[in-house]
Asks: 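Pasting a structure here, questions to come.
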Protein chains: 2
Amino acid sequence: MSGNYLAGPQGLLWSINARAVLDVVDREGPLGRPEITRATGLSKTTVAQTLRELVARGVVEEAGADTTRRGPAATLYRVAPRCALALGVDIGHLRVRAVLVDAVGETLAQAETEAPRRRVADTAAAVTALAAECAGRAGTETGAIGQAVVGVPAVVARDGRTVRRAYGLPQGGRGLAEAIERDLPVPLLLENDVNLAAVAEQRFGACADVADFVLLGLGVGLGAGIVLGGRLHRGFAGGAGEVGFLPHPATELGTEVLGARRIAEQARQAGIEGRPSPREIFESARGGDERALAVVDATARRIAHVAASIALVIEPELFVLGGAFGASADLLLGRIRRHLARDAAPLPIRIIASGVPGDAVLRGAAWLARHRARERAFAAVVGGRPYDTDPAGSEEGDIA
Amino acid sequence: MSGNYLAGPQGLLWSINARAVLDVVDREGPLGRPEITRATGLSKTTVAQTLRELVARGVVEEAGADTTRRGPAATLYRVAPRCALALGVDIGHLRVRAVLVDAVGETLAQAETEAPRRRVADTAAAVTALAAECAGRAGTETGAIGQAVVGVPAVVARDGRTVRRAYGLPQGGRGLAEAIERDLPVPLLLENDVNLAAVAEQRFGACADVADFVLLGLGVGLGAGIVLGGRLHRGFAGGAGEVGFLPHPATELGTEVLGARRIAEQARQAGIEGRPSPREIFESARGGDERALAVVDATARRIAHVAASIALVIEPELFVLGGAFGASADLLLGRIRRHLARDAAPLPIRIIASGVPGDAVLRGAAWLARHRARERAFAAVVGGRPYDTDPAGSEEGDIA
DNA sequence: GAGTAGGTCGGAAAGTTTCCTACTCGAGGT
DNA sequence: ACCTCGAGTAGGAAACTTTCCGACCTACTC
């Protein structure tokens, strides 16, 4: 249903063809007309006309000439970088980070600040301040941003605005979204941080060609970013992937199998003093600390257990360790695989470490923001998208 | 990827429009031209031309006239029932059933026989014999069948041919598919029976407008048919929904939480004599037998547990009780809801009884076979489907 | 007579083919 | 070492084809 064209006038054909040209140019980078002609199957006359029109409308621009071939130089075309600006934000527990990117994914500016602890208004103010800082450095205004995506450690409803079950964030409902929008009047989308990490994994990491995978991420809680058929699966109310509460033989129902708190508790039980963070425990384990290693092993066992449960439900092709787990994959992967083998999971389970360098949540947020900003700019130019030219390219699902 | 048109010549426009007309006629039943014109947004000239062509190609036919309006009678059009025949088969534990339907879903013939117990060849022979019987009664030949879908109590790989982990069926790998095809040379697809029940639920039952739901079915084992975004989710190797092995606090890892065997074992523990089937136990419970009621309650508790686990992973909008559970929903639903409430599942869970009358697996098989046969016939006439006009209508997923 | 179904014709829109020009590289001759 | 010419390529213009649409017309029924 929704935006699908039923049938249409001839103009529809131009939309389809323009979209095809645009997608090819977008995907393959700067491209000469002959390549576009070959890739789309259109005649060169049509390609030429379409490109002229796309350039006139500002979404495509010339980008030098290709002189590698013999014959006259071919004009190269690329997506106009400035046709869509996008802002990605990662609201973490310690820091709030923001990045401003253009339509081709180039980073224009970055900024970060310490995470406010208490009030929603402070968090929103931090976000808008970072946005303004980025815009300033990039020489534009925040109003030029076509889409902002903000990653939060919480369950976000499918409207992309309502926040539930926030970890460390106020449970503000729609408060955060509304507070941000007051000072940053651009299209805004909140998204669960683990989901964004999964998007990053799909776009920049190890899952470029994997249609079905699950990213297991450790923040305060344990979360799963689930990608099925190349699209993010959010669940009916955005609660899919809250696997931290999956029942485990060794824990009571309704309590967390795994999460920062659980790891801390295990550390206490193992006799580790102080209140080390998971990251610090993994660090000690890497140094050979026996008690820390025990905690790591217990953690690995629980991850294996969670993965096995998830696999029985949706059988993804691949599991990926991200978040704090990703950084400790060297310690965890082998142990997880051993536990999986020992418990004789009914299905073979592949599990690997994240392949995303840097802040995956931030990169995922920026990618999604860029994708949506660009999609909107493209749709304005070539008309509503009649169909998915690139199925793997639209994981936005049902978010309006 | 796949069948998505990138761009095309003018002919593409005809394909799109013809497809739109076809879909409207298909969905809304016999329809006059003016309605088709309104529904598609095309001009009446184009609709007339397109219909002429579709009739000439045999997928649409005239179906009387509509004289309810004043003015001249409007010619009605419908999908030609004979443009695609489809065979649905349900290989159950006791019976093998088959039904032959035409392109508009009308039942042409039905047949059933006792399920062979041992050899793959016998099962295949039963299927082909039923197919021949149906074809004979309908006055055609088996060769005229455009698609056969066979439901089996087993995990079926995404090729729709390879069988793994069969319950009560030989583990034949591709043996069954190949044996059937030897005598029934038509496009064949094997599919997990619970998945087919889910398809039936979506098409004829309680989930017509639910994009994400999970059907819990009890056969020999416990299986889940998972529909996400209106499409069946099969998993990487067809193993999604094998939730019978989900870990449960009260059972060892690697053993079944729930299934016919588990219920039988509980019945024995409860002191019930003989070896009653689950159905018989539910029957006794309905009669007030205390021991049977205890088994029912334990079953309800396990179902609640499994549903809660599934919900934490994918958060569907709805759970549906099918199979033997569906028939006993009166006993189970209240108890399941009570257990869900008591265990304080983190998410609200809606669970209802199946709304499909009769053999859901058979109806799902017939629907899927009809859908695929029709899709193939349509594609041959209007050219490859350029895009999904009806997203909810194509749950065939990745099966070639 | 008003309203509706269906048909026909000419125009408009879009894409393709064909032909043409201009440009560059490289091979071979001088 | 320089020149010439052929092959291959990029870009553009005109004529043609396909397809859809709007307008007009006829026929039918209440």
Side-chain angles (χ1 to χ4, degrees), chain A residues 5-22 24-25 30-57 60 62-77 381-383 386, chain B residues 5-22 24-25 30-57 60-78 381-383 386:
Chain A
Y5 240 100
L6 271 177
Q10 293 119 307
L12 173 60
L13 204 44
W14 186 82
S15 287
I16 292 176
N17 290 340
R19 181 77 216 193
V21 170
L22 199 44
V24 168
V25 171
L31 223 54
R33 284 196 211 174
E35 286 74 36
I36 300 173
T37 305
R38 269 191 294 279
T40 58
L42 293 166
S43 71
K44 61 178 187 156
T45 312
T46 305
V47 170
Q49 279 174 345
T50 305
L51 279 172
R52 217 188 337 267
E53 193 61 30
L54 290 175
V55 170
R57 299 191 186 187
V60 167
E62 299 189 4
D66 175 12
T67 56
T68 58
R69 282 160 291 199
R70 80 169 142 184
T75 317
L76 294 174
Y77 293 87
V381 165
V382 301
Chain B
Y5 242 100
L6 270 177
Q10 297 111 310
L12 174 61
L13 204 44
W14 185 82
S15 287
I16 292 176
N17 290 340
R19 182 78 216 191
V21 169
L22 200 45
V24 168
V25 171
L31 223 56
R33 283 197 211 173
E35 285 73 37
I36 299 173
T37 305
R38 269 192 294 278
T40 58
L42 293 166
S43 73
K44 62 176 186 155
T45 315
T46 305
V47 169
Q49 279 174 345
T50 306
L51 280 173
R52 218 189 337 269
E53 194 60 30
L54 290 175
V55 170
R57 298 192 187 187
V60 167
E61 61 181 31
E62 299 190 2
D66 176 11
T67 57
T68 60
R69 285 160 287 198
R70 80 168 146 186
T75 317
L76 293 176
Y77 294 85
R78 68 169 172 216
V381 166
V382 302

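Here is the naming used below: chain letters follow the sequence lines, and residue numbers restart at 1 for every chain.
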Asks: Got B/Val382 and B/Leu54 here, is their nearest side-chain heavy-atom distance under 4.5 Å?
Replies: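 Counting from C-beta outward, B/Val382 and B/Leu54 do come under 4.5 Å.
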
Asks: Does OP1 or OP2 of C/dA14 have a side-chain N or O of A/Asn17 closer than 4.0 Å?
Replies: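 Checking A/Asn17 against C/dA14: no side-chain N or O falls below 4.0 Å of OP1 or OP2.
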
Asks: Less than 4.5 Å apart, side chain to side chain, heavy atoms only: is that true for B/Asn17 and B/Thr40?
Replies: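 Not touching, per the 4.5 Å side-chain cut-off.
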
Asks: Quick one: on DNA chain C, does B/Arg33 or A/Ala73 contact a more 5' nucleotide (nearest heavy atom)?
Replies: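 Mapping each residue to its closest nucleotide by heavy atoms, the 5'-most match is B/Arg33.
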
Asks: Look up atom CG in B/Leu51 and atom CG in B/Leu22, then write down how far apart they are to the nearest 0.5 Å.
Replies: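 Answer for the CG-CG pair, B/Leu51 versus B/Leu22, is 9.5 Å.
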
Asks: State which residues pass side-chain contact (heavy atoms from CB on, under 4.5 Å) with A/Ala65; sequence neighbours excluded, sorted by chain then number.
Replies: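 Expected list: A/Ala73.
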
Asks: Please list, by residue number, the residues of residues 64-72 of chain B whose heavy atoms come closer than 4.0 Å to an atom of DNA chain C; answer none if no residue qualifies.
Replies: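 The stretch gives B/Arg69, B/Arg70, B/Gly71, B/Pro72 as the residues lying under 4.0 Å from the strand, ordered by number.
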
Asks: Give none if D/dC30 has no partner; otherwise give the nucleotide forming a Watson-Crick or G-U wobble pair with it, both distances under 3.5 Å.
Replies: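 WC or wobble partner is C/dG1.
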
Asks: Provide, to the nearest angstrom, the distance between the CZ atom belonging to A/Arg52 and the C1' atom belonging to D/dG12.
Replies: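 Rounded to the whole Å, the gap is 8 Å.
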
Asks: Restricting to side-chain contact (heavy atoms from CB on, under 4.5 Å), what partner residues turn up for B/Arg52, sequence neighbours left out?
Replies: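 With neighbours one apart ignored, the set is B/Gln49.
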
Asks: Kindly say if B/Thr46 contacts the phosphate of D/dC20, meaning a side-chain N or O under 4.0 Å from OP1 or OP2.
Replies: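 Looking at the OP1 and OP2 atoms of D/dC20, neither is under 4.0 Å from any side-chain N or O of B/Thr46.
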
Asks: Give the rounded distance in Å between these two atoms: NZ of B/Lys44 and C1' of C/dT4.
Replies: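 The distance from NZ of B/Lys44 to C1' of C/dT4 comes to 9 Å, rounded to the nearest Å.
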
Asks: In whole angstrom, what separates A/Gln49's CD from C/dT17's P?
Replies: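 Nearest whole value for this atom pair: 14 Å.
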
Asks: Could you state the interatomic distance from OG1 (A/Thr50) to CZ (A/Arg19), rounded to the nearest 0.5 Å?
Replies: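 CZ of A/Arg19 is found 13.5 Å from OG1 of A/Thr50.
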
Asks: Using a cut-off of strictly less than 4.0 Å, decide whether B/Thr75 has a side-chain nitrogen or oxygen near OP1 or OP2 of C/dA5.
Replies: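 Checking C/dA5 against B/Thr75, no side-chain N or O comes under 4.0 Å of OP1 or OP2.
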
